[in-house]
Amino acid sequence: MRDPRAVARALLGKVLVRGRGKRALMGRIVEVEAYLGAGDAAAHAASGLTRRNAVIFGPGGHAYVYFTYGMHYCLNVSCMEEGEAGCVLIRALEPLAGQGTMARRRGLGLECSSRNTLPGRLARRLASGPAMLCEAFAITRARDNGRDLTSKESGLWIGDDGYAARRIVTARRIGISKSAELPLRYFLSGNGFVSRS
DNA sequence: ATATCGATTATCT
DNA sequence: GATAATCGATATG
């Protein structure tokens, strides 16, 4: 798997896992965006290799975490072989385990009970956005950039629990102005945890 | 429901 | 010096 568009589709339905055992945080990937190399002006790799985007030019399966708007982190998965650029932005997760921890990190600790299953309207505020999910999973550039997401031994990895994605919707990417017409956003049809339908 | 706006700083030109 | 793959709040219909 190399082309970010193929990797994006393959990632839908997989599970992002932080930590191990009973306290592990888990969330199903329900929305992603592909960022290509040459020809995709919206991609961070568009203007060549820099210290910030170096992971995108490295081997696939690694975390590219960037900081933006002075306060937010976003998580991407590198796709290509060494030397080529391409990645997939993880935009939204459906919380599966560790909702209490996620709520606390998101500043929603006082708004929910000690129950593990949150009411729907609060659950949607845990990880239905690229910066929200990083906050919920405590993902930062200092701690996670370059991490191997394919290893179960890694503190942050992506697993497969057998879930099969049904219908995948293709749309234009959110929050960009350059190359905005490209249909590189993908999400699970009908899933309530997508950042926006 | 949709629109606009401010926060806040690493990174790049 | 300008920008930014966002979010949450506020205003308006």
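Just so it is clear, the model here is predicted, and its values are computed rather than measured. Reminder, nothing fancy here: chain letters follow the sequence lines and each chain counts from 1.
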[X] has an atom [atom1]; how far is it from atom [atom2] of [N], in whole Å?
X        : N      : atom1 : atom2 : result
A/Leu75  : C/dT6  : CG    : C1'   : 15 Å
A/Leu49  : B/dT11 : CG    : P     : 14 Å
A/Met71  : C/dT6  : CE    : P     : 13 Å
A/Tyr69  : C/dA2  : OH    : C1'   : 13 Å
A/Asn76  : C/dA4  : CG    : P     : 17 Å
A/Ile139 : C/dT6  : CD1   : C1'   : 15 Å
A/Glu31  : C/dT6  : CD    : P     : 10 Å
A/Arg124 : C/dC7  : CZ    : P     : 15 Å

Side-chain N,O (A/Arg91) to OP1/OP2 (C/dT6) below 4.0 Å: yes
Would you please confirm or rule out a distance under 4.0 Å between OP1 or OP2 of B/dT11 and any side-chain N or O of A/Arg141? yes
Assuming nearest nucleotide by heavy-atom distance, tell me which of A/Arg51 and A/Gly70 is located more 5' along DNA chain B. A/Gly70
For the pair A/Asp40 and A/Lys178, find out whether any cationic side-chain nitrogen is under 4.0 Å from an anionic carboxylate oxygen. no
Starting at the 5' end of DNA chain C, which residue's closest nucleotide do you reach first, A/Met132 or A/Ile176? A/Ile176
Mapping A/Lys178 and A/Gly129 onto DNA chain C by nearest heavy atom, which one lands closer to the 5' end? A/Lys178
Does any nucleotide pair with C/dA5 by Watson-Crick or G-U wobble geometry, both distances under 3.5 Å, and what is it? none
Where the side chain of [X] is defined as all heavy atoms beyond and including C-beta, which of [options] is the nearest nucleotide?
X        : options              : value
A/Thr50  : C/dT6, B/dC12, B/dT8 : B/dC12
A/Ser47  : C/dG8, B/dT8, B/dT13 : B/dT13
A/Ile174 : C/dA5, C/dG8, C/dT6  : C/dT6

Under the 3.5 angstrom rule, does the side chain of [X] hit a backbone N or O of [Y] as a donor-acceptor pair?
X        : Y        : answer
A/Asn145 : A/Val65  : yes
A/Arg143 : A/Ala138 : yes
A/Thr170 : A/Tyr186 : no

Look at the side chain of A/His44 against the base of C/dA5 and say whether a donor-acceptor pair falls under 3.5 Å; ignore hydrogens and angles. yes
At 4.0 Å (heavy atoms only), tell me whether [X] reaches a base, stays on the sugar-phosphate, or touches nothing.
X        : value
A/Arg106 : sugar-phosphate
A/Phe67  : sugar-phosphate
A/Leu89  : base
A/Ala131 : sugar-phosphate
A/Arg52  : sugar-phosphate

A/His44/A/Tyr35 aromatic ring centres below 6.0 Å: no
Test salt bridge (Lys or Arg N to Asp or Glu O under 4.0 Å), reference A/Glu33, set A/Arg5, A/Arg173, A/Arg91, A/Arg9, output is A/Arg91
